[in-house]
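Okay, so here's the structure we're looking at.
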Amino acid sequence: AIGSSAGARAPGLGRSMAALHAWMLAEVAGENTQAEPTLRTRTSVERAALFIQQAFDGIERKGIRDSQAARRAFVVHLEFLPVTSLVAWGLVLLTFFERPLWCMQPQVVRNIGDACSSSLYPSFPIRYLSTLAGYVIESVLLAVILLDNFLLAFAQGREWCHGLARNRILLLMLYAVDLFVSLVTPPYAIRIAPYLRIGFAIAYSHATRSRLKLVFRTLPGVFNIFMLMLIYLAFFAWLGVIFFPADTDEGKQYFQGLGGGMWSLLILLTTANFPDVMMPVYSDNRESFLFFFVFVGFGVFFLVNMLTAVIFNVYGQTRDKTLESTRTIQAEGLRTAYGLLERNGTISTDALKLLFTELNHYHDISYINPENADRLIAALDQNSDGEISQDEFDHIIAVLSREIRRGPSRPLLERRCPRLLASPTWQRVKQAVNHLWFDVVMDIFLVVTLVLAIIETWPEITGYDDSKLARVVDNSWDQVEHAFVFIFVFEACLRIAVAGLSQYWRSAKNKFDFTITVVTALVTVFVWLPNAYNDPSLIRVIAAFRALRVLRLIRNVSGSEQILSTFLRILPDAFAICRVLFCAMYLFSAIGTQVFGGVINKDPASPYSARIAESDFGKAGYYANNFNDMPSGMVVLFELLVVNNWFVVCDGFTAAVGSSARIFFISFYVFGVVICLNIVVAFILDSFMSEFSTALERRLSGSLNDADGE
């Protein structure tokens, strides 16, 4: 489903609800003479719109009660659904500004005071909300969610408390209990609110829910390969404790019992501790390399890659099942909607206009004004008879999913100054701007700006720290920099004047160029105007970003256009996968903050500080990698996603609280790295393979057509 921008929906949101209902009442009550007799009640139109929306996004929804108040409640629910979704994510954001519970423990407050701002307990410099402010914001956001669920319950009646709605009301009930308990218990008591908040965010995000379902449906398919990897680790750890006894250096460091051996070999599977893991024994006994050669050769090069292949295969199967289920929901929704709207086997264009008006309440369908409605109807009415048949109606999802484009219109400058149309000078300007050589000249300027950006930052590039040279470079290129800023601003204004803003903004290249140009101009003006912040180096940073415009020249390279289009096409789904990963990181960060909060510290009075200082974690100066607050926890989890040195991060927590801390890190590695990141890889591979196959078919089809033409 395609999401609509705020600008695209502005006309719909601007229309008052009372006027909208009055207009629809007039249509369906027959005051407008073209209304269909079978549509003299709004229920049929509203129910048909509900089933169209069900078919559009593949979600099965419950119907609404047959009353005017219920229908109005449902419309209000739809209009404010994006706001409610933002409120749910606002609850998640609130967690990052609440004071960590460990900071409020009486012993910590008595010995340290405000530990959250103490340098002995490294954390992000966050200005936390007061307890009262946190409760007020929390209550207001919860009230919005509660009101949304009340409106939906009132609209749907008995059919409301099923599926997703039931989950939402369960979350609300648990949250109410948690909020009440937190009010009657000490402020440092553990709460479940952070976990319920991410539940609301997921419940109000269909894209996140669908991708999360995909992840969980993948789990049964990879269970066997996980068991095989577990057996593989246990067997080689068993061999390791036999080959490398506890009285050897290798045994002392890496194979202290079966558990210690499995831990070392798990790290080796991630290649994070190789070749360190074998050096104690390899230095004295070169034949010991065979053990690690066999383990790495089969485990890293075969087993881990087989896991990726299995996840890719399971992902494909799960995706196909999901698509089949979506198609079934779409077919049922379209069939039911058609039955509600048809008269004598067809649907009139007037009925479709009423349907499009009702669909404007659904925010994941682009706003349809009367002009766009005519275009959509023309796209559906393939035989141009003014009636929509069942076969034609079945294409409504594809038609609604297309970007609604207006025909080319005259630029604003020509509409304001009609005399320009007859001006030979203006016509020559338009021809020059639209000519290929204009793009060539601007491309030359782009290459020159790239060279200038390199020259301006040459001391930083070479590492030659010479302030005198830097001043010379700055003074030499100031005027040139201003000239290029003016050139690119003038170029953007000229293109907009010739093509019109709407036509200009349709191009992704123009959007990118315009954004870079405007930011560069604003930063230049800001830096050189008299103010407290006057750092010319910021202009050099922006100049480096402006050099990225040179990337548009890559489009001339064979195949690059296809790669770029594929990249842009998969971005929405990629963001949905990333939201799932964010949810996982949020949950683990919340758990880590409650379990490991305050553990990583430099406080001499802490029972943990001495053990941490003696660990590899402390020796490497990794104290900033902690769970003393939510942002710090998110950073640690991101580091774990990269995998490199993840065992060193874990080592600090293990030194502080024991080997049980490894369960936390292994759990995140399995879910975050092994499953989620492999699903991201599978998604990208699948998308690129599909796009390249489609492009190949187009090229073959074009070649065959050319051959037939000859």
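Counting begins at 1 with the first residue of the sequence.
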What pairs of donor and acceptor atoms, side-chain ones from residues 580-591 against any protein atom, are under 3.5 angstrom apart with sequence neighbours left out?
| unit_1 | atom_1 | unit_2 | atom_2 | d |
| --- | --- | --- | --- | --- |
| Y586 | OH | T95 | OG1 | 2.8 |
| Y586 | OH | P194 | O | 2.9 |
| S589 | OG | M630 | O | 3.1 |

Decide yes or no on side-chain contact (heavy atoms from CB on, under 4.5 Å) for Y195 and Q594, but give the supporting numbers first.
CA-CA 12 Å; Y195 314 105; Q594 292 185 350; 2.9 Å; yes

Ring pair (Phe, Tyr, Trp, His ring centres under 6.0 Å) partner of W102, the single match among Y121, F596, Y188
Y121

In the structure I gave you, are the side-chain heavy atoms of I675 and F226 within less than 4.5 Å of one another anywhere?
yes

Could you pull out the closest heavy-atom pair between V300 and L268, with the gap in Å?
CG2-O, 3.9 Å

Quick one, D276 with Y254, criterion side-chain contact (heavy atoms from CB on, under 4.5 Å). Give me CA distance, side-chain angles, the key distance, then yes/no.
CA-CA 10 Å; D276 296 359; Y254 298 106; 4.0 Å; yes

Could you measure the distance from the OG atom of S118 to the CG atom of N601? Nearest 0.5 Å is fine.
9.0 Å

Any side-chain donor paired with an acceptor under 3.5 Å for E639 and Y622?
no

CG-CG distance between L230 and L266, expressed to the nearest 0.5 angstrom
10.0 Å

Output yes when a side-chain donor or acceptor of S632 lies under 3.5 Å from a complementary backbone atom of S123, and no otherwise.
no

For the side chain to side chain contact (heavy atoms under 4.5 Å, CB included) test, which of V635, V595, L637 pairs with F627?
L637

Looking at side-chain heavy atoms only, is the closest gap between I311 and I679 below 4.5 Å?
yes

Under 4.5 Å between any side-chain heavy atoms of W263 and C650, yes or no?
yes

Do side-chain atoms of N628 reach the backbone of I600 as a donor and acceptor pair under 3.5 angstrom?
yes

Distance col, row R197:CZ vs L142:CG, nearest 0.5 angstrom, shows 8.0 Å

Donor-acceptor pairs are to be reported for all side-chain atoms of residues 81-90 against protein atoms at under 3.5 Å, with residues two or more places apart or in another chain.
| unit_1 | atom_1 | unit_2 | atom_2 | d |
| --- | --- | --- | --- | --- |
| T84 | OG1 | F80 | O | 2.9 |
| S85 | OG | Y204 | O | 3.3 |

Centroid-to-centroid, F664 to F653, below 6.0 Å?
no

Atom of L101, atom of P187 and distance for their closest heavy-atom approach:
CD2-O, 3.5 Å

Step by step, work out the side-chain contact (heavy atoms from CB on, under 4.5 Å) result for V648 and N625.
CA-CA 10 Å; V648 178; N625 298 324; over 6 Å; no

Determine, stepwise, if the pair I666 / V670 fulfils side-chain contact (heavy atoms from CB on, under 4.5 Å).
CA-CA 6 Å; I666 292 175; V670 170; 4.3 Å; yes

Check: S210 side chain, H206 main-chain N or O, donor-acceptor pair, under 3.5 Å:
yes

N626 side chain vs Y623 backbone, donor-acceptor pair below 3.5 Å
yes

What distance do I137 atom CD1 and L91 atom CG have between them, rounded to the nearest 0.5 Å?
10.5 Å

Considering all heavy atoms, the nearest I612-V599 contact:
CD1-O, 3.4 Å

Considering only heavy atoms from C-beta outward, does the side chain of Y135 approach that of T131 to under 4.5 Å?
yes

For the student: nearest non-hydrogen atoms of V277 and S264, plus distance:
CG2-CB, 4.4 Å

Show me the pairs that pass salt bridge (Lys or Arg N to Asp or Glu O under 4.0 Å) and involve residues 180-193, at least two apart or across chains.
E138-R191, D178-R191

Quick check against the 3.5 Å criterion: does R209 have a side-chain atom that pairs as donor or acceptor with the backbone of A203?
yes

Considering all heavy atoms, the nearest N149-L172 contact
ND2-CD1, 3.8 Å

Side chains of N678 and T308, donor plus acceptor under 3.5 Å
yes

Side-chain donor/acceptor of S609 to backbone N/O of S606, under 3.5 Å:
yes

Rounded to the nearest 0.5 Å, what separation is found between the CD1 atom of I145 and the CG atom of L141?
7.0 Å

Got T654 and F665 here, is their nearest side-chain heavy-atom distance under 4.5 Å?
no

Okay, side chain of Y608, backbone of G598: is any donor-acceptor separation there less than 3.5 Å?
no

Exceeds 12 heavy-atom contacts within 6.0 angstrom, atom CZ of F638:
no

What distance separates R211 CZ from I202 CD1, expressed to the nearest 0.5 Å?
13.5 Å

